[in-house]
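Here is the structure we will look at.
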Amino acid sequence: MDATGPPSPVTDAPPFRYTGALAQVIEARWHDRWDADGTFDTPNPAGPVGDAAAVGGRPKKFILDMFPYPSGSGLHMGHPLGYTATDIYARYQRMTGHNVLYTMGFDAFGLPAEQFAVQTGQHPAITTNQNIANIRTQLRRLGLSHDLRRSISTTDPGYYRWTQWIFLQIFNSWFDPELKEARRIDELIAEFEAGARRPTSGHWAAMSTADRRRELDGWRLAYVSDAPVNWCPGLGTVVANEEVTADGRSDRGNFPVFKRNMRQWMMRITTYADRLIDDLELLDWSDAIKAMQRNWIGRSEGATVHFDVSLVGDASPQPAGRITVFTTRPDTLFGATFMVLAPEHPLVDQLTTADRADAVAAYRRTTEAKKDFDRQDEGREKTGVFTGSYATNPLNGANIPVWIADYVLMGYGTGAIMAVPCGDQRDFEFARKFGLDIVAIQQPPDRTLDTATWADAFVGDAPYANSANDSLDLGGVATVAEGTHLTNEWLMAHDHGEATITYKLRDWLFSRQRYWGEPFPIVYDGDDNPHSLPDSMLPVMLPETDQFAPRTFDPDDAMSNPESPLDRLGEWVHVELDLGDGAQLYHRDTNVMPQWAGSCWYELRYLDPTNENDFVDPANEQYWMGPRTPGASGGVDLYVGGVEHAVLHLLYARFWHKVLFDLGHVSSKEPFHRLFNQGYILAAAFHDERGMYVEASEVQGRDGAYTHEGVSVSREYGKMGKSLKNAVDPDEMCNLYGADTLRLYLMSMGPLDASRPWESKDVVGVHRFLQRVWRNIVDEDTGEPRLLAEPAGAETVRLLHHTIAGVRAELDNLRFNTAIAKLIEFNNHLTKLGGCPADMADPLVKMVAPLAPHAAEELWAKLGHSETITYEPFPVADPAMLVADEVEYPVQINGKVRSHILVAAGAPHDAVQALALADHKVQAALAGSTPKKVIVIPGRMVNIVA
RNA sequence: GCCCGAGUGGCGGAAUGGCAGACGCGACGGACUCAAAAUCCGUUGUCCGAAAGGGCAUGUGGGUUCGACUCCCACCUCGGGCACCA
């Protein structure tokens with residue numbers, strides 16, 4: 001590749017020139033100093049690291065990174081990108097008087113550590129700790145101003161004790177549909193006992209203990225369910241919907257995933273669907289991420305409609321029954337000319353007539369053979385079979401055939417649809433293929449009502465036709481919204497349906513058959529009823545074993561069954577406990593929690609990392625997270641991380657936080673008030689003729705042609721990483737230039753939220769900048785300060801204040817690239833003066849400090865200061881210095897700049913106009929003609945309309 | 001198909017509706033050097049021109065405006081997300 005080498009070993013360079021080598025000496029010195037002094041320790045209002053006096057009246061800022069998974073290959077360049085941004089912001093906030101909470105933890109449970117452990121035979125705890133130690137070293141090297149006392153790892157029993165505790169909070173809660181919030185299960189029991197609420201079936205007083213237990217389990221926010229889940233034999237575990245790719249494979253390992261009914265833990269996240277959507281309004285997140293979350297939750301308003309149908313099943317002759325469908329267009333019900341059920345719909349057996357039995361069975365076999373993702377291949381020709389049964393259209397009494405087809409999915413809505421071929425393209429195609437009726441119920445512009453002439457379905461507002469019965473007439477209705485409203489009222493009044501909202505979001509599958517995760521704080525009695533363990537028995541420690549490999553299967557063996565590694569540990573599984581009814585035998589839950597569990601609440605533990613009595617002291621939570629104004633969300637002030645967590649971590653964490661809020665454990669409605677998604681780092685990647693990637697750093701480039709070991713290769717750009725073999729190691733960059741240069745380069749590449757291509761040859765630009773700042777202040781031969789004795793002139797002072805105002809504005813808005821550009825401009829000006837005037841040095845170094853903290857600390861010390869620069873006040877621009885005595889106005893004629901005039905600042909409109917018209921270039925351009933109009937924008941420009 | 005976002009020099013990028021191209025890389029010229037690297041100074045959108053100066057330029061086509069990279073409409077291209085979602 002075109003990577004330039006290091007600034008080559010300098011033999012005759014001045015001894016105190018700012019080189020990569022000197023930078024590393026300086027940086028190591030300040031890392032030690034910061035550690036020794038506890039420079040970045042941040043006081044809490046309460047608890048072990050509490051110091052109310054130190055907190056004082058300062059405003060707070062909680063600045064958070066998405067914590068890393070401690071991979072064996074260490075940090076990749078995307079980590080320093082986000083971490084540098086938050087560090088700069090944190091340092092800037094400290095210099096503007098804020099009490100800043102900024103630290104880093106490790107999301108250390110999960111599949112890769114376990115898979116590595118299986119490969120090497122080493123316990124995952126050992127490799128995890130080694131990796132964490134390695135990454136700590138890397139983070140330290142970057143000069144990140146973390147409060148190290150607050151660091152956590154999700155694998156630490158002192159941490160996962162509280163993950164288990166929060167799980168039990170959720171387990172022992174239910175969602176009150178009227179109040180739309182979680183409440184303690186005790187309160188539900190009290191409501192049942194008082195008769196204030198009726199159980200789903202029966203009367204509480206008359207129910208057996210077992211029935212009561214079942215009833216309560218049906219309300220819990222965490223529950224065991226025997227529902228269809230994603231079973232991945234290749235991984236040997238079930239996985240969440242969010243972990244299955246669009247083509248039906250596991251996002252880790254890329255194995256096939258099968259829908260199977262299995263007994264698993266679920267979390268009732270669906271009860272929070274509306275709040276998860278509505279509260280997005282309170283958040284300072286990008287529209288893109290908000291849209292992704294809304295899209296994933298998939299709220300869809302419409303109606304359920306019940307169709308009477310004759311059931312022909314042979315079990316017991318059923319005179320009549322009902323098929324319930326969901327539709328977003330109840331107003332088109334008059335046009336429903338047939339119905340379609342998903343092939344696996346439970347009513348299909350009963351609906352299939354004897355003469356259709358063979359055809360239906362054959363069709364169901366073909367669809368079963370296909371995996372979910374094959375069925376979602378859009379554009380595929382529609383397939384389906386008639387069941388032999390008919391339903392009645394409730395609006396017009398029409399007898400309409402009931403079909404089954406795989407374009408209807410069991411997993412959405414009710415698994416059945418009313419087909420309105422005139423108004424739905426899929427139904428239209430199906431009707432055309434199988435010769436079913438298509439009745440127009442709207443009069444589209446440019447079409448006749450004869451649907452035989454239609455090429456496709458019509459969707460939109462248009463006058464209704466064929467849409468009236470004795471009690472409902474859509475004749476005069478103009479819009480879909482109004483038609484929907486009227487139809488819904490009719491359905492309600494005639495007991496044929498009601499307005500309904502459905503969601504794409506499913507409940508969260510929360511158990512995994514792995515070893516390296518949090519054990520469930522749950523035991524089962526002899527009847528397999530789950531019991532929560534009391535807080536005093538937490539943490540449930542992950543048992544020691546050397547058999548941590550999960551049982552995996554042939555990736556295509558859909559009928560295999562999961563076997564958790566913990567199942568094998570009989571001595572751990574079977575326990576005698578006294579849970580209040582005397583000592584009894586129980587067996588433990590042998591699942592572990594998914595990797596997302598630990599990251600659902602880690603920001604809260606940072607607030608109070610060593611608290612043994614509570615997951616966080618409420619006083620600390622209120623101080624750091626609490627809403628500052630009534631109705632606000634509260635939460636972390638700035639959360640920076642990659643967009644890849646848009647619907648996984650960010651949805652799960654919001655859900656847990658909301659439960660904790662409802663139960664009164666936190667004062668903030670949302671965990672992350674402001675979210676900023678950094679862009680990806682891209683880099684050139686090279687592949688040979690076979691499409692195999694080659695190590696990008698070994699590629700030679702000449703005249704736009706590239707070779708690797710003599711073989712011609714092609715260039716492309718892609719996300720920097722191992723898979724494209726184009727990774728650049730942060731440590732390597734630190735070795736070449738020092739951490740400050742790497743930080744500046746990462747920040748100067750472009751806006752933080754944009755993806756940007758890494759170009760190693762460009763790094764030298766910001767390195768030269770630091771070198772010039774250094775040289776303007778320090779003598780390269782002696783290492784002593786060499787400031788210009790004479791004070792800065794008016795122009796320099798004015799530029800300084802412009803720079804201060806600009807840099808502040810850029811840092812406030814995370815626009816680090818332009819902040820750096822403004823500093824370079826100011827420093828270039830000083831360079832032209834021949835050095836830094838004595839009165840310019842302090843403000844310059846302070847402005848550099850958040851961006852390049854090590855160099856700034858060193859310069860600050862050389863300028864005679866003994867304290868760290870960390871808490872020095874950031875320079876403030878003098879407004880008086882921002883206005884010039886004279887302003888240069890561009891003078892446009894018809895929008896094109898023709899001349900410039902110098903005008904005293906604050907000159908009146910007429911004077912500016914007169915000066916502009918008197919300008920000789922303007923005179924020449926006007927050539928004697930009289931301007932039609934002259935526009936003067938004060939302080940900006942003049943435009944003459946000729 | 002739907003939902004986000006982006007198209008500006010050779011490259012990364014900068015511009016509250018007000019002088020397009022800040023800042024950096026690269027390139028070119030020069031200084032230092034025996035030489036090279038490193039460093040420093042200068043030039044650098046493009047076309048015409050010796051110069052002064054002028055023409056053309058922010059994906060394409062329209063529009064609003066005294067004035068548009070910026071706002072509106074349509075389209076094209078690229079990136080990201082979702083998708084037989086009823």
Side-chain angles (χ1 to χ4, degrees), chain A residues 2 4-14 17 19 246 286-292 294-296 298 300 302 325-329 332 340 375-380 382 405-409 411-420 423-427 429-430 502-504 643-644 646-647 679-680 682 744-745 748-751 753-759 761-766 768-769 771-772 775 780 815 817-825 828 831-832 888-900 931-937 939-946:
Chain A
D2 45 9
T4 44
S8 57
V10 195
T11 46
D12 53 351
R17 172 164 289 173
T19 60
S286 73
D287 289 341
I289 299 289
K290 287 184 179 183
M292 279 194 229
R294 283 193 199 98
N295 200 345
W296 187 262
S300 180
V325 304
F326 173 74
T327 176
T328 53
R329 290 290 305 277
T332 64
V340 186
R375 288 173 51 172
Q376 291 171 10
D377 183 11
E378 200 182 355
R380 223 178 92 239
K382 295 280 180 292
D406 65 4
Y407 81 92
V408 174
L409 307 174
Y412 185 75
T414 63
I417 62 158
M418 63 180 211
V420 183
D424 181 285
Q425 187 58 27
R426 293 156 302 176
D427 299 344
E429 289 166 15
F430 194 82
T502 63
Y503 304 87
K504 276 195 278 186
V643 69
E644 65 271 18
V647 290
Y680 289 117
L682 311 176
L744 281 182
Y745 176 61
S748 68
M749 292 164 85
D753 56 356
S755 292
R756 66 293 288 295
W758 177 276
E759 288 292 351
K761 70 175 166 53
D762 290 358
V763 178
V764 71
V766 287
R768 285 180 191 144
F769 161 63
Q771 210 167 55
R772 287 170 193 158
R775 190 186 299 120
E780 291 189 325
R815 292 191 301 244
N817 53 331
T818 46
I820 292 167
K822 286 180 163 67
L823 287 170
I824 292 176
E825 246 178 302
N828 285 349
T831 301
K832 284 195 170 61
E888 192 189 53
Y889 277 70
V891 183
Q892 298 181 340
I893 295 175
N894 294 335
K896 297 207 175 215
V897 179
R898 294 299 171 185
S899 186
H900 292 86
K932 290 193 188 116
K933 194 174 176 186
V934 179
I935 291 135
V936 177
I937 309 296
R940 280 281 180 193
M941 52 117 48
V942 180
N943 190 16
I944 298 167
V945 187

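Contact annotation: A/R768 side-chain N/O to B/rU39 OP1/OP2 distance is under 4.0 Å. Here A/S300 reaches the OP1 or OP2 of B/rA86: one of its side-chain N or O atoms lies under 4.0 Å away.
Here the side chain of A/Y412 pairs no donor or acceptor atom with the backbone of A/K504 at under 3.5 angstrom. Remark: side-chain polar atoms of A/R329 are not paired, donor with acceptor, to backbone N or O of A/G302 under 3.5 angstrom. A donor-acceptor contact shorter than 3.5 Å links the side chain of A/N943 to the backbone of A/G895.
Contacts of A/K896 with the nucleic acid, taken as non-hydrogen atoms under 4.0 Å apart, involve only primed sugar atoms and P, OP1 or OP2. Residue-level contact check: A/R294 touches neither bases nor backbone, having no heavy atom under 4.0 Å from any strand. Counting non-hydrogen atoms under 4.0 angstrom, A/T831 reaches the backbone sugars and phosphates but no base.
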remark   = Whether each nucleotide of nucleotides 13-23 of chain B has a protein heavy atom under 4.0 Å at its base (B), only at its sugar-phosphate (S) or at neither (-) is summarised, 5' to 3', as SS-B-BB--BS
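Listed by first residue number, the stems of RNA chain B with at least three Watson-Crick or G-U pairs below 3.5 Å are B:1-7 with B:76-82, B:10-12 with B:23-25, B:26-31 with B:39-44, B:45-48 with B:53-56, B:59-63 with B:71-75.
One P atom belongs to B/rU77, the other to B/rA22, and the distance between them is 32 Å to the nearest Å. Comparing the P positions of B/rC73 and B/rG54 gives a spacing of 37 Å, expressed to the nearest Å. Here the separation of B/rU8 from B/rC78, taken at their P atoms, is 14 Å to the nearest Å. Comparing the C1' positions of B/rG7 and B/rU44 gives a spacing of 24 Å, expressed to the nearest Å. Across B/rC25 and B/rC69, the matching C1' atoms stand 23 Å from one another, rounded to whole Å.
Because its glycosidic torsion is more than 90° from 0, B/rG7 is reported here as anti.
Annotation: salt bridge (charged side-chain N to carboxylate O under 4.0 Å, His left out) contacts of A/D424 (sequence neighbours excluded): A/R426. Here A/R294 pairs with A/E281 under the salt bridge (charged side-chain N to carboxylate O under 4.0 Å, His left out) rule; sequence neighbours left out. Residues passing the side-chain contact (heavy atoms from CB on, under 4.5 Å) test with A/R815, sequence neighbours excluded: A/E810, A/N813, A/N817, A/T818. Annotation: side-chain hydrogen bond (donor to acceptor under 3.5 Å, both in side chains) contacts of A/S755 (sequence neighbours excluded): none.
For B/rC84, the base has a donor-acceptor partner in the side chain of A/K382 [N/O atoms by modelled type, under 3.5 angstrom].
Comparing B/rA86, B/rG81, B/rG5 against the side chain of A/V408 picks out B/rA86 as the nearest. Out of B/rC40, B/rA86, B/rC82, the shortest distance to the side chain of A/R772 is found at B/rC40.
Where A/K933 and A/I289 meet RNA chain B, the nucleotide closest to each residue was compared, and A/I289 sits on the side nearer the 5' end.
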